[in-house]
Structure formats: structure tokens, C-alpha cells
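To start, the structure itself, in C-alpha cells.
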Amino acid sequence: MTTPSTLISRATVIDGTGADRRIADVRLADGLIAEISEPGSLAARPDEASVDAEGLVLCPGFIDMHAHSDLHLLTHPEHAPKLSQGVTTELLGQDGLSYAPVTETTLPVVREKIAGWNGNPEDFAVDWRTVAEYLDRLDTPDAAGRRIATNAAYLVPQGTVRAAVVGFDDRAATEAEIATMRATVATAMEQGAVGLSSGLTYTPGMYATSSELEQLCAEAAEHGGFYAPHHRSYGHGALAAYAEMIELSRRSGCALHLSHATMNFAENAGRASELLEMVDAALAEGVDITLDTYPYLPGATTLAAVLPSWSTAGSADDAIARLEDPATRGRIRHILEVEGSDGCHGVPVEWETLEISSVQDPTLAACVGRTIAELAASAEREPFDVFCEILTADRLGTGILQHVGHEGNVQTIMTHRVHTGGSDGLLHGDKPHPRAWGTFPRYLGRYCRDLGLLTLEEMIHHLTGRAAARLQLVGRGTVALGSAADLVLFDPESVEARATFDAPRQPAAGIHSVYVNGVLSWRHGRPTGERAGRALRRTEKGTEPHD
């Protein structure tokens, strides 16, 4: 694909560093920012596109630090959810479960376990096994020379690694198995992964002890990577769970990036400051910490995730057999409704907070958009019984929204000096969380312009330059001479998220144009059909495309 030259005139440039805005002409050529000059000083060449950007902000493309586009980039190559909100780079391999590295044995089980996140299309073959092969697949152009829509970096998923070495059972890893897992992480890092993720409320990753995790973190650190955990609880014991992750970073020497950092459920209302005090104390000691959040209250996960961890060990068939056994089913109910399961963050389940967002079985489509409590009331049945029947009929592939967040916590955390933005957007399902389409314009519109929590320069720094620094991107994340032309042009007065819980697949307002590696990929509310994203791989110099 040839990359046309483009002149963007009289733009309000906010460069991603936090520096003050300025008006400038910016020329893009060969995928890079070729010139930045005084407004009106550059003339359009006969062979280049020209954009009059007076009144529009030009900034680096947004970096989604928590994305679940691992399959969507390949199965839906136009990738409208992310391009439409100005995202040009995504961090994949999240929450300890993804599609590489896998074996012939673990791949089908992994696909089932995260079907609620990404779907499990039968007609799509996962034809890779290693991280290198997955990144190569992302980098393979189609017959027309078009690449993936956004750039993508990848985390080694600890749960997937554990599955390949230890299996899916709830048991401690042996020293020999830990050594094998370390070697697997090392290989993945050498193949281009930027760090290690974990999902410590998801099986089988949650079966790992702190000692096991510490050794894997140490391996990631030896290769210059960082650790991005979904830790053990965002509810009861949330602060202790955060403390465990900070201590892991301290002991292993591995930089820490706290995924979707928040404090949820009733017992944590108004307690975000306690988390930030803990983070500040560690930063003062020299522990390298960053975090990301999404600007919404509900979370999104799978319905099966709220089960006790022991009940989902093994395959979907194993878990369903436990739900169908009367004695085991009774034990699961008691843990869920009375004790609080580890999968539900130690909090007794509140059925009115669990809203069905996606199903695999089309016969369950009427459940979408309704809570377990609503479905049970309409059928005059017990919520737990409805819960079990949906899980069984849908083979654990059901997605949910979990309404457990607090606005005060969301606002407090997003203003912190190590904060970055992550959508945690699940792109699959009939009624996905609107954060998949709305995260970045919601930051810019509601929280920056309307509420004034941060200046526009500060907010853009959170969403671009700061995230690029954590990923150690080479020549990305700022508007600077020679940097990759990953750019967003938007109207600061009208930018806003239009995705809602009732209509979640709505493009943002106010996003004028999106350039990925200098190629105009989104303009005036629709994709252009041109795609130029690259797989970004960890190297000795930093994170960059492999040419």
C-alpha cells in the first residue's frame, strides 16, 4: 500500500506530552510526521490531500491499554468500534487468557472459556500456536494489501501459559512446571510480547500462588516487560488484592500496570483514595506503577466468571456436570448467595446486578438486556436456577454487564498522575458494554469538557503519551517530527460518546479523521476502507513494527 502525503492546515496541535496547545500546519508523508510549521506556512502539493483543520484538535491516536480485539481485528477487519473513537493502537492478550501460546489440546478449551468475550466462530480457524505466529498473522495483508485497522501490541496471557503447562485443574504448580512456564514466557517475550497479563478471578490463572506469579513476573522483567494483572478481587478484599500485586512488583522487579483499576461493590464506595494512597506510597519507594480505567460504572465479563473457581476447573463439560449434580449445585448456590465466591470478588451475588449482554445459543436471545433477577421474576422461579440453566444451555459462553461501580471512585482514579485509558471493550454479543465504542470520546466529552476534571492537554497526555511510555513505543504517542503518523483530528466542542447501554454500537460524535501510520482510515463517521495497522513487537530498542 502506498501512503499518500497529506497536509493538515491550521490545526490546534495537542502533542500528547501535556504541553500547551499551539496552532500549526502538519504534513504527513511516508507514514510519518514530515513537517510541523507555523499556521498557513505550508502549501499543498499537487499530489497530496489537503485538510483545513481550523477549529479542530490534532493529537496522537488514542492508545487502548486494555483491549479485547484479539479476534475482532481479524474477523471484522474494518474494526469500526475502535477507529470510530480515534484508537490507533491497542494492547491485546488481556486478563490472562488469549489465543497464543496454545497447544492442540488447550486451544479448544481456551476458545470456549473466552467465548463470552470474543465469540467462538466455528468458521474462523485459529491457524497459529505461538506468539510469533499470532503477530505474523496480524501483520499479514489481505489480497488488496490492506493490513489490520489499528496497531496492536500483545501481552503473554499467564492463564493460557498455565493451561499449556499445568492444565486446567486447581492445583499448585511443581517447580519443574514453573521452570517450563518461565521458559514459555521467555520465548513469548523474545517473539515480541511486551509483558505478562493475568486474570486472577478466571480459571486456570487464578490457581497460581503469589510465588508462582513472582517467578513469571521476574522472567518478564528480564526481557524488559511489565505485568498487567486483573487481580484477585475488585470487591471484598480489593485493597489486599492490590497490595499483593504491588508486592509482586516490588519483589520481582517487574514494572506493574494495574488493569481496569477500580473499587467496586457497595463496601468500596468512596474508597478510591485508599487505593491511590497505596499506589503513591509504592511510587515514592521507586516501584514502577501505572494503571488504566474505563469511564463507566458497570463492568463486563462472562456469566460463568461469577462461579467459585473450583467449579469451573477443566473444560466446559466438567463445569456443566457440576452444575447438574444436585449436591454440588447446592454447594455452589450457598457459596454464591451466602459466602461470596472468589469469582464474584468475595461478595454474595446480587442477581439484579447481572445483566445478560450476549449469548451463543440463539434460542436464548430473549435473555439479552435482562438481569437474572428479572428473568427469574417473570418466570416465577429462583434466580439461581435460571442462572444455572442459562450457563448450561449456553455452554458457559454467556456475556454479562455487572452493575457494581461507583462514580466517585471512577472520577478520583482517572485524575491520578499514572492513569491511562483502557476500554476493556468486549466487541462480541447483541448488547455489549458501550465502552467498546465510547471510552475515549467519553473521556474527552463528559469528563474533560463537561466536568472539567482535567484540561484537554492533560487528558490527551493520559490517553496517548503516557500510555506510549508504558509500552515503550518507538516514535509513537506524540505529535513530533519523525513520529509515526498515528493521529486523530476531532472537534473539542462536539466530541462525545453516542454509544449507550440501549444502543451500544454507535460511533462517536466529533471525530473528524483518524490516521493510522499516515493512512486515512476513518473520516466523517465511516471507515475509508484503507487499513495500515501493524503488529508492534518488543525489541531491544523498544516496541515497534517488525520490518
Side-chain angles (χ1 to χ4, degrees), residues 65-66 94-95 198-202 206 210 228-249 256-283 289-303 305-309 335-355 371-373 400-424 433 435 439 442-443 446-447 451 453 501:
M65 289 295 288
H66 194 102
Q94 299 285 356
D95 294 331
S198 62
L200 301 181
T201 65
Y202 302 123
M206 69 193 311
S210 288
H230 165 129
H231 55 266
R232 298 189 194 274
S233 176
Y234 292 81
H236 182 66
L239 290 175
Y242 280 112
E244 179 192 9
M245 299 299 100
I246 292 171
E247 183 60 22
L248 271 176
S249 177
L256 178 65
H257 181 82
L258 297 169
S259 295
H260 38 55
T262 190
M263 299 282 286
N264 287 335
F265 301 92
E267 66 188 83
N268 290 317
R271 300 185 67 190
S273 60
E274 298 176 52
L275 166 61
L276 298 183
E277 287 169 5
M278 183 186 301
V279 170
D280 285 335
L283 288 167
I289 304 177
T290 51
L291 56 85
D292 67 69
T293 69
Y294 50 82
Y296 293 87
L297 302 189
T301 185
T302 62
L303 189 61
V306 305
L307 286 165
S309 59
I335 293 172
L336 277 175
E337 296 186 335
V338 179
E339 297 179 7
S341 77
D342 49 3
C344 199
H345 306 273
V347 179
V349 68
E350 297 175 325
W351 298 113
E352 66 273 15
T353 69
L354 305 184
E355 178 186 352
T371 68
I372 296 295
I400 61 168
L401 304 181
Q402 193 168 13
H403 295 270
V404 291
H406 301 282
E407 181 67 21
N409 288 347
V410 169
Q411 292 191 25
T412 297
I413 295 170
M414 77 168 64
T415 62
H416 194 270
R417 59 193 171 98
V418 299
H419 169 262
T420 65
S423 72
D424 195 14
H433 197 302
R435 67 193 184 191
T439 289
R442 185 169 167 86
Y443 269 125
R446 172 171 168 76
Y447 290 99
L451 298 181
L453 294 186
F501 288 98

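Position 1 is the first residue of the sequence, and the numbers go up from there. All values below were derived from every heavy atom in this structure, side-chain atoms included, with hydrogens, water molecules and symmetry-related copies excluded.
- In this structure, NE2 on H406 lies 13.5 Å from CD on Q411, to the nearest 0.5 angstrom.
- Using modelled atom types, one side-chain atom of N409 and one backbone atom of A272 make a donor-acceptor pair closer than 3.5 Å.
- Nearest approach of G422 to Y294, heavy atoms of both residues: O-CB, 3.2 Å.
- Here T262 contributes atom OG1 and Y242 contributes atom OH; the two are 6.0 Å apart, rounded to the nearest 0.5 Å.
- Put simply, CG on D342 and CZ on R232 are 9.5 Å apart, with the number rounded to the nearest 0.5 Å.
- Remark: T439 OG1 to M65 CE distance equals 14.0 Å, nearest 0.5 Å.
- H236 and E267 form a side-chain donor-acceptor contact under 3.5 Å, judged by distance and modelled atom types alone.
- Interatomic distance, L275 CG to N268 CG, rounded to the nearest 0.5 Å: 9.5 Å.
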Which is it for D280 and H416 under the side chain to side chain contact (heavy atoms under 4.5 Å, CB included) test, yes or no, and what are the steps along the way?
-> CA-CA 10 Å; D280 285 335; H416 194 270; 2.7 Å; yes
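- Under the 3.5 Å distance criterion, with hydrogens and angles disregarded, a donor-acceptor pair is assigned to the side chains of H403 and E355.
- Here the straight-line distance linking atom CD of Q402 with atom NE2 of H433 works out to 10.5 Å at 0.5 Å rounding.
- Using the six-membered ring where Trp is involved, H345 and Y234 have ring planes that are perpendicular, over 60° apart on the 30 and 60° scheme.
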Evaluate side chain to side chain contact (heavy atoms under 4.5 Å, CB included) for M263 paired with L239, printing each intermediate quantity in order.
-> CA-CA 8 Å; M263 299 282 286; L239 290 175; 3.7 Å; yes
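- At a cut-off of 3.5 Å, with distance as the only test, a side-chain donor of Y443 or T293 sits close to an acceptor on the other residue.
- Applying side chain to side chain contact (heavy atoms under 4.5 Å, CB included) to L258 and the options L291, I413, V418, D292 leaves one that passes, L291.
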How far apart are the C-alpha atoms of I246 and I289, what are their side-chain angles, what is the distance that settles it, and do they pass the side chain to side chain contact (heavy atoms under 4.5 Å, CB included) test?
-> CA-CA 8 Å; I246 292 171; I289 304 177; 4.1 Å; yes
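- With a 6.0 Å cutoff to the six-membered ring centre and a 45° limit on the axis angle, R435 does not count as a cation-pi contact of Y296.
- With hydrogens and angles disregarded, a donor-acceptor distance shorter than 3.5 Å links the side chain of H419 to the backbone of M414.
- Residues P229 and L256 are in side-chain contact: their nearest non-hydrogen atoms beyond the backbone lie under 4.5 Å apart.
- Between T412 and S273, the closest heavy-atom pair is CG2-N, 4.4 Å.
- Without hydrogens or angle criteria, S341 side chain to L336 main chain gives no donor-acceptor distance under 3.5 Å.
- Taking every heavy atom of both residues into account, V410 and P295 meet most closely at CG1-CA, 4.1 Å.
- You'll find the side chain of T353 stays beyond 4.5 Å of the side chain of T371, heavy atoms only.
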